[in-house]
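Take a look at the structure below.
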Amino acid sequence: MSLIEPRTLKGFRDYLPSAMVPREHLIDTARKVYKSYGFLPIDTPALEYEEILTGKGGDESDKQLYRFEDSGGRKVALRFDLTVPLARFVAQHSHELGLPFKRYHIATVWRGENTQRGRYREFMQCDFDTIGSESIACDVETALVIHDLLQAIGFDDFKIHVNNRRLLTGLLERLDLEGRSGAVLRALDKLPKIGPEKVAEEMATSAGVSAAQAREILTLASVSGTNDAMLAQLEPLVASSERGRDGLGKLATLLGSARAAGVSDKRLQLDVSIARGLDYYTGTVFETFLGALPTIGSVCSGGRYDDLASLYTKERLPGIGASLGLDRLLAAMEELKLLPEKPAVAPVFLPYFTESRLTDYFKLAARLRQSGLGVEFYPEAKKLGNQLKYADRRGFRFALVVGDSEWEAGRGQVKDLKTGSSASVPLETNGAVSAELLAALTASH
RNA sequence: GUGGCCAUAGCUCAGUCGGUUAGAGCACGAGAUUGUGGUUCUCGGGGUCGCGGGUUCGAGUCCCGUUGGCCACCCCA
């Protein structure tokens with residue numbers, strides 16, 4: 001009989017413990033940061049009616065959608081991001097939620113696009129959004145969450161690029177290019193990659209922008225310097241547009257408030273050229289780059305949208321949020337060797353030494369766990385050397401060696417696997433785990 | 001979706017001009033005086049040379065297709 005070749009689909013991955021441990025750690029960190037700002041968890045189905053998911057996002061996301069007919073003949077699709085399901089969710093439940101509604105959502109999404117380093121067809125997003133408020137306070141808070149998140153993950157060298165789309169839409173309005181903002185923005189997004197001339201070319205072909213118009217747009221986009229200097233330079237450029245002035249004012253407030261909250265200008269940078277691909281952003285936009293690995297792209301992106309759920313409800317639901325690119329971030333951390341080689345395990349390793357004492361080992365391990373210590377008991381009474389080798393490879397900190405003589409003496413040998421030293425301590429006092437044992441097993445260096 | 005490069009052991013790779021039983025390091029398993037790991041030494045298991053077809057007396061090696069990976073474009077986390 002021929003065997004079935006074990007394999008996974010292109011762009012879909014298995015996660016071994018060495019990959020899963022840092023992954024869970026990252027998710028825990030994100031959860032902790034989101035909660036510290038009052039965001040609440042939600043979840044939605046992986047599968048939605050196709051019409052829910054195809055309504056927005058344009059041709060490009062439609063192409064990348066995994067869709068099929070279920071056995072009941074319904075047209076369904078796998079969610080492509082967490083924002084569209086959020087829109088549906090809020091439209092459906094807004095009366096029970098209360099506004100403003102702050103949620104986070106950590107879940108898998110699927111895109112049938114070509115794979116690349118850090119880019120898969122199944123990947124996880126960690127979104128947080130604030131729905132139902134247009135206050136600039138939410139924009140500030142979004143920046144702070146991104147900042148805290150990256151810092152909590154352990155990055156020191158990163159930069160959040162921030163912009164406001166109203167700057168540009170204000171200018172486009174004045175240039176009578178209002179309807180073509182999407183194409184202009186996409187071209188502008190490539191500025192750092194292909195340079196101003198190519199961008200002007202692309203704007204001419206894709207949006208019919210004249211050379212003079214392109215010059216104005218590029219002048220706006222090429223403003224540089226410190227945040228304060230840029231704000232000053234931008235002022236005259238947008239002065240004639242109310243929308244532009246509003247965008248600039250919001251940026252100034254955002255930068256000032258973030259600074260007051262302790263975010264240094266090194267980490268939050270006004271960048272007029274970032275625009276974000278998706279058309280639904282209307283105000284503040286964010287992209288976050290790692291100083292050590294800018295080529296991997298943005299690891300946390302988001303922005304403000306003023307009509308999140310208009311496809312599903314007549315209620316007006318403005319919002320702002322961002323998404324942490326978990327897989328991209330993990331790929332970056334792996335490349336930068338920020339991930340531990342040995343996954344963390346239970347702190348205490350208990351070798352199975354005296355075969356006839358099985359129940360005693362279980363009793364000892366159970367007591368230690370009740371005292372709050374993680375304990376792994378080796379399942380086979382193999383040679384001690386082999387068991388210690390196993391413990392060493394897994395990265396255990398302590399081995400509690402208890403053999404014939406130890407059982408008889410009522411004492412255990414606590415071996416520090418890092419230093420190789422060991423100490424003999426009593427196993428119990430008055431029928432409970434002895435204080436000496438607990439102390440020896442929780443000692444840290 | 002378009003284009004380029006690549007595919008040999010679990011991993012990283014060597015394999016001459018097309019020639020005989022396809023190699024190394026790491027990893028894994030066993031052992032080196034009875035109950036002490038990380039270093040060392042010995043031995044061992046593990047390969048449809050991604051898959052399918054073709055050329056040839058003969059293909060890991062050349063050709064075509066296919067699948068997968070990487071990279072660029074597109075798009076995006």
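Below, chains carry the letters A, B, ... as their sequence lines are ordered, and counting in each starts from 1.
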Practice prompt. Describe, in one word, how the ring planes of A/Phe377 and A/Tyr352 are oriented to each other, choosing from parallel (under 30°), tilted (30 to 60°) and perpendicular (over 60°).
Written response: tilted

Item to complete: Before accepting this row, confirm whether a basic side-chain N of the pair A/Asp271/A/Lys159 lies closer than 4.0 Å to the acidic partner's carboxylate O.
Response: no

Worksheet item: When all nucleic acid strands are considered with a 4.0 Å heavy-atom cut-off, which category describes A/Tyr120: base, sugar-phosphate, or nothing?
Response: base

Worksheet item: Planes under 30° and centres closer than 5.5 Å, is that true for A/Phe123 with the base of B/rA77?
Response: yes

Discussion item. Assuming nearest nucleotide by heavy-atom distance, tell me which of A/Thr8 and A/Ser422 is located more 5' along RNA chain B.
Written reply: A/Ser422

Worksheet item: Does the side chain of A/Arg121 get closer than 4.0 angstrom to OP1 or OP2 of B/rG69 through an N or O atom?
Response: no

Worksheet entry | Rounded distance in Å - NZ (A/Lys418) to P (B/rG37) | 19 Å

Discussion item. Below 30° counts as parallel, above 60° as perpendicular, anything between as tilted: where do the rings of A/Phe289 and A/His161 land?
Written reply: perpendicular

Discussion item. Nearest to the side chain of A/Glu113, heavy atoms from C-beta on, is which of B/rG29, B/rC75, B/rA32?
Written reply: B/rC75

Worksheet item: Taking all atoms of both residues into account, what is the closest heavy-atom pair of A/Val199 and A/Ala187, and its distance?
Response: CG2-O, 3.6 Å

Practice prompt. Ignoring backbone atoms, establish whether A/Lys10 has a side-chain N or O less than 4.0 Å from OP1 or OP2 of B/rG50.
Written response: no

Practice prompt. Give none if B/rU20 has no partner; otherwise give the nucleotide forming a Watson-Crick or G-U wobble pair with it, both distances under 3.5 Å.
Written response: none

Worksheet item: Do A/Gln413 side-chain and B/rU36 base share a donor-acceptor contact under 3.5 Å?
Response: yes

Could I get a table of every N or O pair under 3.5 Å where one atom is in the protein and the other is in nucleotides 3-12 of chain B?
none

Discussion item. So, applying salt bridge (charged side-chain N to carboxylate O under 4.0 Å, His left out) with A/Asp327, which one of A/Arg119, A/Arg111, A/Arg13 is it?
Written reply: A/Arg13

Discussion item. Once you apply a heavy-atom cut-off of 4.0 Å, does A/Gln125 come out as touching a base, just sugar-phosphate, or nothing?
Written reply: sugar-phosphate

Fill in: Interatomic distance, A/Phe286 CZ vs B/rA77 P [rounded to whole Å]
14 Å

Practice prompt. Choose from B/rA77, B/rA32, B/rG37 the nucleotide whose nearest atom is closest to any side-chain atom of A/Lys415.
Written response: B/rG37

Worksheet item: So, is A/Thr115 close to the B/rC70 phosphate, meaning a side-chain N or O under 4.0 Å from OP1 or OP2?
Response: yes

Worksheet item: With both distances under 3.5 Å as the test, what is the Watson-Crick or G-U wobble partner of B/rG1?
Response: B/rC73

Discussion item. Checking contacts here: which listed nucleotide (B/rC75, B/rU36, B/rA77) is nearest the side-chain heavy atoms of A/Arg119?
Written reply: B/rC75

Item to complete: Would you mind pulling out the nucleotide paired to B/rG31, Watson-Crick or G-U wobble, both distances under 3.5 Å?
Response: B/rC41

Worksheet item: Does the A/Tyr37 side chain pair with the main chain of A/Thr142, one donor and one acceptor, at a distance under 3.5 Å?
Response: no

Response to the item:
Closest to the side chain of A/Glu406, out of B/rU36, B/rC75, B/rG35, is B/rG35

Worksheet entry | Given B/rG31, B/rA77, B/rC75, the nucleotide with the shortest approach to the side chain of A/Gln64 | B/rC75

Fill in: Any A/Arg394 side-chain nitrogen or oxygen under 4.0 Å from OP1 or OP2 of B/rG37
no

Discussion item. Under 4.0 Å, counting only non-hydrogen atoms across every strand here, what does A/Phe353 touch: a base, just sugar-phosphate, or nothing?
Written reply: base

Worksheet item: In whole Å, what is the span from the CG atom of A/Asp392 to the C1' atom of B/rG37?
Response: 5 Å

Item to complete: Would you mind telling me which residue lines up with the more 5' stretch of RNA chain B, A/Glu202 or A/Asp327, judged by nearest nucleotide?
Response: A/Glu202

Worksheet entry | Residue A/Lys383, side-chain heavy atoms: nucleotide from B/rA77, B/rG31, B/rG37 that is nearest | B/rG31

Worksheet item: Should the ring pair A/Tyr281 and A/Tyr305 be called parallel, tilted or perpendicular, given that the plane angle runs from 0 to 90° and is split at 30 and 60?
Response: tilted

Response to the item:
Atom CG of A/Leu388 and atom P of B/rG37 are separated, to the nearest Å, by 7 Å

Discussion item. What's A/Gly11 touching, base or sugar-phosphate or nothing? Going by heavy atoms closer than 4.0 Å.
Written reply: sugar-phosphate

Discussion item. If I take atom CZ in residue A/Arg393 and atom C1' in nucleotide B/rG29, what distance separates them, rounded to the nearest angstrom?
Written reply: 10 Å

Worksheet item: Between the side chain of A/Asp148 and the main-chain N/O of A/Val33, is any donor-acceptor distance below 3.5 Å?
Response: no

Worksheet item: Counting only distance, no hydrogens or angles, is the base of B/rC76 paired donor-acceptor with the side chain of A/Arg328 under 3.5 Å?
Response: yes

Worksheet item: Considering only the C1' atoms, how many Å lie between B/rC62 and B/rG45, rounded to the nearest integer?
Response: 35 Å

Worksheet entry | Whether A/Tyr34 and A/Phe128 hold their rings parallel, tilted or perpendicular, with breakpoints at 30° and 60° | tilted

Item to complete: Find the distance A/Arg13:CZ to B/rC70:C1' and express it as a whole number of Å.
Response: 15 Å

